[in-house]
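Note that the structure is predicted; figures quoted are calculated from it, not measured. As the structure lists them, so they are numbered: ligands from 1, and atoms in each ligand from 1.
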Amino acid sequence: MTAAADSVPLPPEAALAALRDEIDRLDQQILGLLRRRYEVVATLAGSRIKSGSGPLRPGREAMILRRLLAESAGGVPPGAVVRIWHEIISASSALQGGYTVALPARDEAGLLLARDHFGGAIALRPLPSPAAALSALSSGEAQVAILPLPEEGEPPERAWWTALAAPRLQVAARLPFWRPAGYAGPEALAVMPGAPDPSGADRSLLRLETAAAAGRASLLAALEAAGLPALGLQIQREAGHALALAEIEGVVAAGDPRLARLPFAHVVPLGFYAVPASGDPG
Ligand SMILES: O=C(O)C(=O)C[C@]1(C(=O)O)C=C[C@@H](O)C=C1
């Protein structure tokens, strides 16, 4: 029988001490489990069985968080589960050599989102602009760039996706991963070199180059006809042509036969991200 469940009433000081003893024992167990988790991560890092470069696997992280959120329902507040595991995974990534996250310095919301998502063990590198953050990926100065979520009607200088050097660079995550129901706060996308890892429930981004006058309805109809119905569509009109960013359910990567059915001059898959988790704040 645990001290907390003891039916004999204790004087308040003794009751408090007994409950704190139990908290101390639980903390000890949590620490022991974390030690074992980090030993497994060290084995994984030392075995070199992980393909690709760097420790970060956004799809795998999303799968871990979805499972934990489902299993913790009703007991632990979901926001706490996500924050705790972001820190656990942050330290685990640092143990594997870590990585650097580049982001535009003036984007304070992006800085907060990145710190929450990547945890305290990962280096953030503020740079003057989204373009500078993307250049840091090319030079190897950073392994992830955090950029503002594209928005309909944004000014061209904010629309970093129009010049994203895909397939070399790909969108790989959407932040925040966890949102309480009705979340209307800031959002960001993570861009990384190479193909992202799927999470089992993902959404893809496609960049379409089309005629300057192409209408929204005709673009949507062409996507639908190719078997790629769009969840969202943003259009940037430039001199002589238009670029559209379509959000599609599932993973759409180069070689997908549906892409060949699209009647556009250029169709470039820009990567995909795990569908964020959402629910009651708990
Ligand atoms: O599964 C891996 O590849 C790991 O490196 C382990 C781990 C984790 O701690 O769970 C760490 C970093 C990755 O982003 C994903 C998962």
Side-chain angles (χ1 to χ4, degrees), residues 27 29-72 76 78-103 110-125 133 136-137 140-147 168-179 187-205 251 253 270-277:
D27 283 347
Q29 286 175 30
I30 293 171
L31 199 60
L33 291 173
L34 283 176
R35 190 176 297 119
R36 273 164 55 192
R37 193 186 196 281
Y38 289 128
E39 282 166 9
V40 174
V41 169
T43 306
L44 183 155
S47 67
R48 298 175 183 276
I49 50 174
K50 194 166 157 181
S51 59
S53 65
L56 180 59
R57 296 293 181 277
R60 168 69 181 149
E61 292 187 10
M63 289 164 111
I64 292 173
L65 289 172
R66 284 190 193 126
R67 180 173 48 76
L68 293 169
L69 285 168
E71 284 174 11
S72 69
V76 194
V81 170
V82 172
R83 276 196 300 279
I84 291 165
W85 260 270
H86 276 157
E87 280 303 332
I88 290 174
I89 292 171
S90 179
S92 147
S93 301
L95 209 80
Q96 298 179 64
Y99 51 88
T100 296
V101 178
L103 66 190
L111 278 163
L112 290 175
L113 285 172
R115 182 49 79 213
D116 271 3
H117 189 88
F118 296 105
I122 295 302
L124 300 186
R125 178 163 304 180
L137 298 183
E141 241 182 293
Q143 289 69 45
V144 185
I146 294 298
L147 300 167
R168 193 168 50 78
L169 301 181
Q170 296 272 289
V171 170
R174 181 169 177 166
L175 279 50
F177 177 72
W178 159 256
R179 298 121 193 260
E187 295 190 68
L189 292 179
V191 172
M192 293 172 61
D197 60 325
S199 75
D202 301 280
R203 285 188 189 142
S204 301
L205 295 174
V251 170
L270 297 188
F272 53 85
Y273 57 79
V275 178

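Sequence neighbours left out, not one pair with a member in residues 33-45 passes side-chain hydrogen bond (donor to acceptor under 3.5 Å, both in side chains). Contacts classified as side-chain hydrogen bond (donor to acceptor under 3.5 Å, both in side chains) and involving residues 57-66 (residues at least two apart or in different chains) are given here: Arg66-Ser199.
Within 6.0 Å of the CZ atom in Arg83, the count of heavy atoms belonging to other residues, nucleotides or ligands does not exceed 12. Remark: Arg48 CZ is loosely packed, at most 12 non-hydrogen atoms of other residues, nucleotides or ligands lying under 6.0 Å away.
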Identify all pairs of nitrogen or oxygen atoms, one from ligand 1 and one from the protein, separated by less than 3.5 Å, and list them with distances.
unit_1	atom_1	unit_2	atom_2	d
ligand 1	3 (O)	Lys50	NZ	2.8
ligand 1	5 (O)	Lys50	NZ	2.6
ligand 1	5 (O)	Gln96	OE1	3.3
ligand 1	5 (O)	Gln96	NE2	2.7
ligand 1	9 (O)	Arg37	NH1	2.8
ligand 1	9 (O)	Ser92	OG	2.6
ligand 1	10 (O)	Arg37	NH2	2.8
ligand 1	14 (O)	Arg57	N	2.8
ligand 1	14 (O)	Glu61	OE2	2.6

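Listed by chain and residue number, Leu113, Arg179, Tyr183, Glu187 satisfy the side chain to side chain contact (heavy atoms under 4.5 Å, CB included) test with Pro176 (two or more places apart in sequence, or in another chain).
Listed for the Ser93 side chain is a donor-acceptor partner under 3.5 Å among the backbone atoms of Ile89.
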